[in-house]
Amino acid sequence: MHRANSAVAAGVMLAESDNLVRPLPGLLDGLSSVDCKRLRAIGREKLLEAGQLVWSQGDAQNGIYLIREGRVRSYYVAPSGREVTLAYWFAGNFVGGPDIFGMGPHMWTSVAAERSLLTFLPGLALRRLALESSSIAVALLDALAFKARCYSAMAQMLGTRSVTERLHRLLIFLSHVYGVQRDGETVIGMPFTHGDLANLIGSTRQWVTVQLARLQEQGVITYDRSMISILDLSRLDREMN
């Protein structure tokens, strides 16, 4: 499976434009070796297998988790039990905002989407480092601003675009960021189930199954074993306008 690099893509989320969720260097990338050592000194490694929870919605928040390897899915669970995926995050990003210093309950759930190596940074110790190092404080602010931009972009899409448009936009985003050209097709180099796509666009698995079948019949995509290939990207673009 293709794995995203933080220099190539920050993650997978719903957004009107690729530029709105443009990649940001990893949390540690702009820091000096001294500051990196200070952060690592307060950290504790945690290895999670696919499907293991990082935390559950409502759990007490006591710090953030820096993703070193793997992929983490963050999602909100409504009172009805319905899930909405906020994003898939990759190495270099952290999960655990917005209260990065640990001041309340988690607003959503995060789970390892594949085998992932994380570094837990406890909130109180992280706050002390932020007070001592302006570079660490700015790096945290930049990362929070990036996440705020991502979630604002998702809210705009959910509020202004139809579910069909959201599916088309997601396919366009995936083709731009994770697409690999092969035999005249754009193969999205990450597997997604119908349920994964539904949770990202705020729909149901059954609806996504019907829509993907329709797009396949029209010769726009092919879909096999969670792998999507885009055959007619221009048509998806036209239908977004």
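Everything numeric here is computed off the predicted structure, so don't read it as measured data.
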Check: [Y] and [X] side chains under 4.5 Å, non-hydrogen atoms:
{"X": "Ile67", "Y": "Val72", "result": "yes"}
{"X": "Leu31", "Y": "Leu28", "result": "yes"}
{"X": "Phe94", "Y": "Ile100", "result": "yes"}
{"X": "Arg205", "Y": "His194", "result": "yes"}
{"X": "Ser116", "Y": "Glu49", "result": "no"}
{"X": "Lys147", "Y": "Trp89", "result": "yes"}
{"X": "Leu171", "Y": "Ile228", "result": "yes"}
{"X": "Arg161", "Y": "Arg169", "result": "no"}

Distance, nearest 0.5 Å, that separates [atom1] of [X] from [atom2] of [Y]:
{"X": "Asp29", "Y": "Cys36", "atom1": "CG", "atom2": "SG", "result": "8.0 Å"}
{"X": "Leu197", "Y": "Thr204", "atom1": "CG", "atom2": "OG1", "result": "12.0 Å"}
{"X": "Leu126", "Y": "Ile136", "atom1": "CG", "atom2": "CD1", "result": "7.5 Å"}
{"X": "Tyr223", "Y": "Gln211", "atom1": "OH", "atom2": "CD", "result": "14.0 Å"}
{"X": "Met154", "Y": "Leu14", "atom1": "CE", "atom2": "CG", "result": "7.5 Å"}
{"X": "His176", "Y": "Ile188", "atom1": "NE2", "atom2": "CD1", "result": "10.0 Å"}

For [X] and [Y], which heavy atoms make the closest approach, and how far apart are they?
{"X": "Ala137", "Y": "Ala130", "value": "CB-O, 3.6 Å"}
{"X": "Ser229", "Y": "Val187", "value": "OG-CG2, 3.5 Å"}
{"X": "Met107", "Y": "Pro98", "value": "SD-CD, 3.8 Å"}
{"X": "Val163", "Y": "Ser203", "value": "CG2-CB, 3.5 Å"}
{"X": "Cys150", "Y": "Met13", "value": "SG-CE, 3.8 Å"}

Any donor and acceptor pair, going by atom type alone, linking the side chain of Ser152 with main-chain N or O of Ala148 inside 3.5 Å?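 Such a contact is found between Ser152 side chain and Ala148 backbone.
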Give every residue pair that meets the salt bridge (charged side-chain N to carboxylate O under 4.0 Å, His left out) criterion with at least one member in [range], sequence neighbours excluded.
{"range": "residues 126-140", "answer": "Arg38-Glu132"}
{"range": "residues 181-204", "answer": "none"}
{"range": "residues 73-93", "answer": "Arg73-Glu83"}

Criterion side chain to side chain contact (heavy atoms under 4.5 Å, CB included) on Phe101 and Ile64, from CA distance to verdict: CA-CA 8 Å; Phe101 300 133; Ile64 64 175; over 6 Å; no
In this structure, would [X] and [Y] fall into the same cluster of hydrophobic residues linked by side-chain contacts under 4.5 Å?
{"X": "Leu141", "Y": "Leu27", "result": "no"}
{"X": "Ile221", "Y": "Met227", "result": "no"}
{"X": "Ile201", "Y": "Val84", "result": "no"}
{"X": "Val111", "Y": "Leu200", "result": "no"}
{"X": "Leu167", "Y": "Leu233", "result": "yes"}

What residues join Met103 in its hydrophobic cluster, counting side-chain heavy atom gaps under 4.5 Å, either direct or through other members?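 Same cluster as Met103: nobody, lone residue.
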Transitive ILVMFWY cluster of Leu231, excluding itself - 4.5 Å side-chain cut-off: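 Answer for Leu231: none, a lone residue.
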Does Tyr151 have any ring pair (Phe, Tyr, Trp, His ring centres under 6.0 Å) partners at least two apart in sequence or in another chain, and if so, which?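 Only Trp108 meet the ring pair (Phe, Tyr, Trp, His ring centres under 6.0 Å) criterion with Tyr151.
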Ring pair (Phe, Tyr, Trp, His ring centres under 6.0 Å) partners for Tyr75, two or more places apart: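 So Tyr75 forms no ring pair (Phe, Tyr, Trp, His ring centres under 6.0 Å) with any residue.
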Apply side chain to side chain contact (heavy atoms under 4.5 Å, CB included) to residues Val12 and Tyr178 and explain how you reach the verdict. CA-CA 10 Å; Val12 175; Tyr178 301 100; 3.5 Å; yes
Sorted by first residue and then second, give each side chain to side chain donor-acceptor pair (under 3.5 Å) pair with at least one member in residues 50-60; sequence neighbours left out.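 Found Trp55-His106.
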Can you pull out every ring-ring contact (aromatic ring centres under 6.0 Å, His included) where at least one residue sits in residues 196-221? Sequence neighbours excluded, please.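 Counting only pairs at least two positions apart or across chains, no ring-ring contact (aromatic ring centres under 6.0 Å, His included) contact touches residues 196-221.
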Donor + acceptor pair across side chains of [X], [Y] (<3.5 Å):
{"X": "Thr222", "Y": "Asp224", "value": "no"}
{"X": "Gln218", "Y": "Arg235", "value": "yes"}
{"X": "Gln181", "Y": "Thr186", "value": "yes"}

Would you please test Glu165 and Thr160 for side chain to side chain contact (heavy atoms under 4.5 Å, CB included) and show each step? CA-CA 10 Å; Glu165 290 173 321; Thr160 62; over 6 Å; no
Measure up the Tyr88 and Phe192 rings against each other and bin them: parallel (under 30°), tilted (30 to 60°), perpendicular (over 60°).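 Because their plane-to-plane angle is over 60°, the rings of Tyr88 and Phe192 count as perpendicular.
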Side chain to side chain contact (heavy atoms under 4.5 Å, CB included) partners for Asn62, two or more places apart: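 For Asn62 the side chain to side chain contact (heavy atoms under 4.5 Å, CB included) partners, ignoring immediate neighbours, are Phe120.
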Could you list the residues that satisfy side chain to side chain contact (heavy atoms under 4.5 Å, CB included) with Ser33, not counting sequence neighbours?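 For Ser33 there are no side chain to side chain contact (heavy atoms under 4.5 Å, CB included) partners, ignoring immediate neighbours.
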Less than 3.5 Å apart, which donor and acceptor atoms pair up between the side chains of residues 40-48 and the rest of the protein, not counting sequence neighbours?
from: Glu45; atom 1: OE2; to: Arg68; atom 2: NH1; distance (Å): 2.1

